[in-house]
Amino acid sequence: MGGRIAPGSRASSCCNTTTFPASRKGAQAMSDRVSCGALRAGDERRAVELDGWVNRRRDHGGLIFVDLRDHEGITQVVFDPQHPSFAEAEHLRNEDVLRVSGSVRRRPAGTENPRLATGDVEVAVEALEILNRSLVPPFHVNVDEDADENLRLEYRYLDLRRPRMQRNLRVRHRIVKAMRDFFDSRNFLEIETPMMIKSTPEGARDYLVPSRLYPGSFYALPQSPQLLKQILMIAGFGKYMQIARCMRDEDQRADRLVEFTQLDVELSFCTEEDVMETMESCMRYVWREALDVEVPPFVRMTHQEAIARFGLDKPDLRFGLELADVSGIFAGTEFGVFRSAIERGGAIVALRYPGGAGLSRREFDALTETAKQFGGKGMVWIALSGDGHKSSAARFLTDANVEAVRRAAAAQTGDALLLFADSAELAHAVAGKMRNEVGERCGLRDPNAFAFAWVTGFPYLEADEETGKPIPAHHPFTAPAPGDWELIDRDPMRMRAQHYDMVLNGYELGSGSIRIHKADEQRKIFEMLGLTPQQVQDRFGFFVRALDYGAPPHGGMALGIDRIVMIACAEENLREVTAFPKNQVARDLMMDAPAPVPEQLVRDLHLRIAGHDRPSSSV
RNA sequence: GGCGCUGUAGCUCAGUUGGUUAGAGCGUCGCCCUGUCACGGCGAAGGUCGUGGGUUCGAGCCCCAUCAGCGUCGCCA
């Protein structure tokens with residue numbers, strides 16, 4: 001901390017602050033209070049007053065320029081040596097907070113700054129009031145230079161003062177406002193739902209709130225308002241929306257926070273088409289209003305098609321590079337890896353890497369490691385150079401094989417082919433992730449392009465990887481596709497769901513579905529999932545009973561607002577669009593939360609901390 | 001919990017094959033400078049190279065462990 005100056009050491013320069021000419025009200029009578037982004041050439045000779053932070057000081061000895069910054073912009077203010085405030089201005093530093101008054105004047109010809117909206121003018125300072133001093137900030141506030149993530153989160157108020165975060169949170173506001181406006185115009189009601197609800201044991205780990213009045217009992221923080229919004233439909237509200245905070249106690253990712261915000265929507269008497277039309281219109285409205293971008297109608301594809309062409313159920317449609325199933329080409333191959341994959345009913349999936357023929361062996365090896373990171377067992381590469389081909393499996397590949405794969409993947413000389421052999425599911429998944437990687441390397445993922453899509457026709461169930469038991473692919477309140485009820489006893493794994501995902505640039509923005517609205521059908525689904533009637537009663541009794549009182553057909557959707565804003569801001573991390581995010585291990589570094597609490601508070605909650613002698617602080 | 005990347009001045013970073021006194025830009029402090037806007041000039045302060053151990057005549061650099069941050073797998077109905 002050697003370079004930082006304690007406030008006391010600057011006290012001398014704080015004391016002789018130039019007195020403001022009059023009281024605040026009096027000053028307003030003489031000069032107009034304006035923002036730092038307001039003044040233009042036409043304001044010449046106006047008497048104005050500005051408040052803001054010192055963005056930068058340029059001291060010419062006989063003349064001092066200060067760029068004064070507030071949330072609206074930057075204005076250059078000038079201190080002339082004949083004014084009493086000049087001496088003080090010599091000691092101003094970045095992030096000091098000032099109030100200046102003076103007169104607006106045009107800058108001398110040739111010294112205008114075209115990069116500032118206010119760059120034609122400046123304010124000749126007549127009075128300076130230092131409202132507050134700043135310590136030397138731990139990182140540069142006036143530029144978007146990279147800074148250590150720890151520091152940014154610990155000094156979040158300074159980080160938020162920087163241009164990037166100011167811009168991102170502004171975009172976030174505009175997006176959320178556009179959402180509210182859109183739904184308001186369609187007669188949706190925004191209804192708040194409680195933050196302390198009952199734990200429903202499916203899904204992610206709950207954040208729990210211990211109860212003081214009921215020893216041993218807990219509230220759960222909502223993972224989403226799912227059941228509550230359905231109950232609002234049963235309650236006859238018809239059209240509901242909410243900007244809803246949600247919490248899930250799971251490990252974080254760049255695109256996943258423990259605490260996040262959803263655009264939550266539900267409507268009664270609707271079809272899948274109604275919901276999709278509503279949400280798609282909303283997003284196109286948001287993009288138009290908040291970003292001034294016209295989005296074409298969304299692409300639609302089935303889950304099956306998405307997997308086959310792009311390997312993932314959230315395809316990035318900003319670029320092509322579609323996958324090719326080349327299992328047939330290797331039907332009788334000698335190559336053990338391929339043969340055993342085929343014999344086990346798996347698949348061999350090929351991906352084109354434009355220009356990849358120039359990669360070195362070492363680079364292909366690194367790419368193979370990446371494939372393993374993605375969950376693959378390995379990768380076969382073929383480099384299509386002008387004078388034939390090189391490959392990690394050269395001895396097993398005939399020229400005819402290579403030519404057939406080349407054609408299937410639409411590759412040309414100079415490209416590489418990447419092949420993945422595994423179960424059909426894994427081969428596609430790994431190839432799909434690699435496709436995104438290749439797209440990234442080839443610069444095909446334009447952050448300013450927006451490729452929306454709907455993915456439909458999801459299977460209702462999937463097999464649990466460990467137990468093989470059927471588990472819902474999404475949540476258990478989703479209605480099966482019309483006509484698929486009959487499969488529930490015969491062949492439940494073939495059931496499809498009335499479920500749809502909205503996808504943007506390779507991110508899942510959210511999902512929606514038509515819900516089950518009859519109690520007996522809901523019970524049947526719970527039963528299929530292995531819940532006993534008693535478990536259903538304990539966990540979802542209130543909900544199933546509500547279905548019994550004339551629940552209307554209904555459906556809806558929830559979109560991750562954080563992700564939407566992140567993509568709109570061309571950011572790659574949710575923390576960049578969240579004012580006060582937690583770090584990767586869910587700590588708030590500014591507040592230093594979570595933190596121990598006084599022992600008495602713990603006792604009031606009828607809790608004891610296992611394995612700790614001192615369960616709490618003495619704060 | 002696994003794997004990977006990163007950690008050097010307040011900040012962002014460089015630091016050769018292991019070899020003398022660890023550098024730069026920005027910032028900070030002092031002096032000079034009347035038209036700058038990344039102002040400029042001169043000077044100064046500022047480092048346990050994340051931490052602990054090891055190898056070595058010698059470690060910022062190699063090895064092991066550990067901490068922190070980020071990314072990722074698991075996980076996220």
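No experiment lies behind these values; they were computed from the predicted model shown. Each chain gets a letter, A, B and so on, in the order its sequence line appears, and its residues count up from 1.
- Here A/Ile74 lies out of heavy-atom contact (under 4.0 Å) with every strand.
- In this structure, A/Arg58 reaches the B/rC39 phosphate: one of its side-chain N or O atoms is under 4.0 Å from OP1 or OP2.
- You can call A/His60 stacked on the base of B/rC39; the centres are under 5.5 Å apart and the planes sit within 30°.
- Side chain A/Arg56 to base B/rC37: no donor-acceptor pair is found below 3.5 Å.
- Comparing the same atom, C1', in B/rG74 and in B/rA14 gives a spacing of 38 Å after rounding to whole Å.
- Put simply, A/Asn583 has a side-chain N or O that comes within less than 4.0 Å of OP1 or OP2 on B/rG69.
- Checked options A/Val123, A/Leu98, A/Val54; the residue passing with A/Val77 is A/Val123 (criterion: side-chain contact (heavy atoms from CB on, under 4.5 Å)).
- Base pairing annotation: B/rC3 forms a Watson-Crick or G-U wobble pair with B/rG71, both donor-acceptor distances under 3.5 Å.
- One cannot find a donor-acceptor pair under 3.5 Å joining the base of B/rG27 and the side-chain atoms of A/Asn94.
- At the heavy-atom level, A/Asp146 lies under 4.0 Å from the strands shown only through sugar-phosphate atoms.
- Taking atom CG of residue A/Asp592 and atom P of nucleotide B/rA68, one finds them 13 Å apart after rounding to whole Å.
- Stacking between A/Phe65 and the base of B/rU36 is present: ring centres sit under 5.5 Å apart and the planes differ by under 30 degrees.
- The phosphate of B/rU36 has neither OP1 nor OP2 within less than 4.0 Å of any side-chain N or O from A/Gln76.
- Taking the nucleotide of RNA chain B with the nearest heavy atom to each of A/Arg253 and A/Arg256, the more 5' of the two is matched to A/Arg253.
- Residue A/Lys229 holds its NZ atom at 9.0 Å from CE of A/Met557, rounded to the nearest 0.5 Å.
- Side chain of A/Asp96 to main chain of A/Arg93: a donor-acceptor pair is present (N/O by atom type, distance under 3.5 Å, no hydrogens or angles).
- The base of B/rG27 is not paired with the side chain of A/Arg93 by any donor and acceptor separated by under 3.5 Å.
- For A/Arg107 against B/rC37, a side-chain-to-base donor-acceptor contact under 3.5 Å is present.
- Remark: the separation of the P atoms in B/rC11 and B/rU28 is 15 Å, to the nearest Å.
- For A/Arg515 and A/Ser513, the side-chain atoms include at least one donor-acceptor pair closer than 3.5 Å.
- A sub-4.0 Å separation between OP1 or OP2 of B/rG71 and a side-chain N or O of A/Arg575 is present.
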